[in-house]
2 protein chains.
Amino acid sequence: MADVAEAILRSSAIAAQFGIWEERDFDAGRCPMRNVLDRIGDKWTMLVLMALAGEPRRFGVLLRMVPDISKRMLTQTLRLLERDGLVTRHVFATTPPSVEYRLSPLGLSALEPLHALAQWADANFATIRASRARYDDGLARTDP
Amino acid sequence: MADVAEAILRSSAIAAQFGIWEERDFDAGRCPMRNVLDRIGDKWTMLVLMALAGEPRRFGVLLRMVPDISKRMLTQTLRLLERDGLVTRHVFATTPPSVEYRLSPLGLSALEPLHALAQWADANFATIRASRARYDDGLARTDP
DNA sequence: CTCCTAAGGTCTCAAACTGAGACTATTGGT
DNA sequence: ACCAATAGTCTCAGTTTGAGACCTTAGGAG
């Protein structure tokens, strides 16, 4: 299929980009990969961004939407997203005050690559599960 | 710009997908998001996949390429990628034996969304850094 | 002989991070 | 006087990670 050829082309594009990053030296403050991917590629950030995709959400709603996240980590994730300018925070003076989080234009722009990743995950989940099962079987067999 | 309109469309697409995932219940074994994104979205996996983009690499080369990764985490990351079928491992009977890792077709197919993400990171790094600086200033000012 | 080196790991221990859940503040309702 | 609701914060225990010592195997140097 043409897919493979395309993948190889992409592959060299990525390799080239990696090379550029390498040259710029990987100093933690200067490398986009370490700064940006480390942040959005952590355990909860993608999930939170996706939970905010449809509409603004309140803290408590996010807490219920994102599976197994703790208050502590939700707070921290939202603070970092706010700091990076992907999310804005709005307090409403109700009692008790409620707080709404929404994606900024920058956050919105992050959805495109995230969506691509999510689709890939969805499309390949079955294959990956099968591979895991095969691998685990193989390991089990070499053991006794 | 049309970008915003597109982003909003994407936004609802993602929201819809999130909804589907929610319905399928978030049981850890069944949800593609938690299974796939949690894995490739961890601290090192993306970096390792990108390091493998251009050509197969040996363990030691990867260790030098991926900044600050430890042997321990490189081994673990590669094992998990192998288990998931994104990477294959080839041992050469030299002395001492050398080991080469290469992307499988599945791993190759993951490069596309990863590349999109990397480009996003690269394109928005400056903006994000500026936002961080602004945020940190603001916090510093409210403090004393 | 004996020692040194190479590659690709594993193992141990300390340090860093995370999760569970108790606790806080504010105010309207009963 | 007391309870409920929201959005956190705080503490402590448990988990994960990082740094670096150690292991294996065979060829080459001395």
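Below, chain A is the first sequence line, B the second, and so on; all start at residue 1.
For Tyr101(A), no side-chain nitrogen or oxygen approaches OP1 or OP2 of dT6(D) to under 4.0 Å. The side chain of Trp44(B) contributes no N or O atom lying less than 4.0 Å from OP1 or OP2 of dT16(D). When the side-chain nitrogen and oxygen atoms of Arg79(B) are compared with OP1 and OP2 of dG9(C), one or more of them lie within a distance under 4.0 Å. Under 4.0 angstrom from either OP1 or OP2 of dG8(D) there lies at least one side-chain N or O belonging to Arg89(A). At dT9(D), none of the side-chain N or O atoms of Arg72(A) fall inside 4.0 Å of OP1 or OP2 (strictly under the cut-off). Using a 4.0 Å cut-off, no side-chain N or O of Lys43(A) falls inside it from OP1 or OP2 of dC17(C).
Across every non-hydrogen atom of Ser104(B) and Gly85(B), the tightest pair is OG-O, 2.6 Å. Of all non-hydrogen atoms in Met46(A) and Ile40(A), the two that sit nearest each other are CG-O, 3.3 Å.
Of the candidates dG9(C), dT6(D), dA7(C), dA7(C) carries the atom nearest the Arg58(B) side chain, counting heavy atoms from C-beta on. Listed nucleotides dG9(C), dA7(D), dG19(C) differ in distance to Val99(B); the shortest reach to its side chain belongs to dG9(C). In this structure, the nucleotide among dG18(D), dT26(C), dA26(D) sitting nearest to the side chain of Ser70(B) is dG18(D).
Nucleotides of DNA chain D nearest to Pro97(B) and Pro97(A) differ in position, and the one nearer the 5' end is that of Pro97(A). With the nearest nucleotide of DNA chain C identified for both Thr95(B) and Thr95(A), Thr95(B) has the one nearer the 5' end.
Between Lys43(A) and Asp42(B) there is no salt bridge, since no side-chain N of the basic residue sits under 4.0 Å from a carboxylate O of the acidic one.
Between Phe59(B) atom CZ and dA6(C) atom C1' there is a gap of 14 Å when expressed in whole angstrom units. Atom CG of Asp42(B) and atom P of dT17(D) are 7 Å apart (whole Å). With rounding to whole Å, Met73(A) atom CE is found 16 Å from dT15(D) atom P. Computed from coordinates, the Ile69(B) CD1 to dG8(C) C1' distance equals 14 Å when rounded to whole Å. Distance, Asp38(B) CG to dT15(D) C1': 15 Å, rounded to whole Å. Atom CG in Leu63(A) sits roughly 15 Å away from atom P in dA5(D) (whole-Å rounding). Spacing between atom NZ of Lys71(A) and atom C1' of dA5(D) amounts to 11 Å, rounded to whole angstrom units. Atom CD of Gln76(B) is separated from atom P of dT16(D) by 9 Å (rounded to the nearest Å).
The shortest distance between side-chain heavy atoms of Leu63(A) and Ile69(A) falls below 4.5 Å.
In terms of modelled atom types and a separation under 3.5 Å, the side chain of Ser131(B) and the main chain of Thr127(B) share no donor-acceptor contact.
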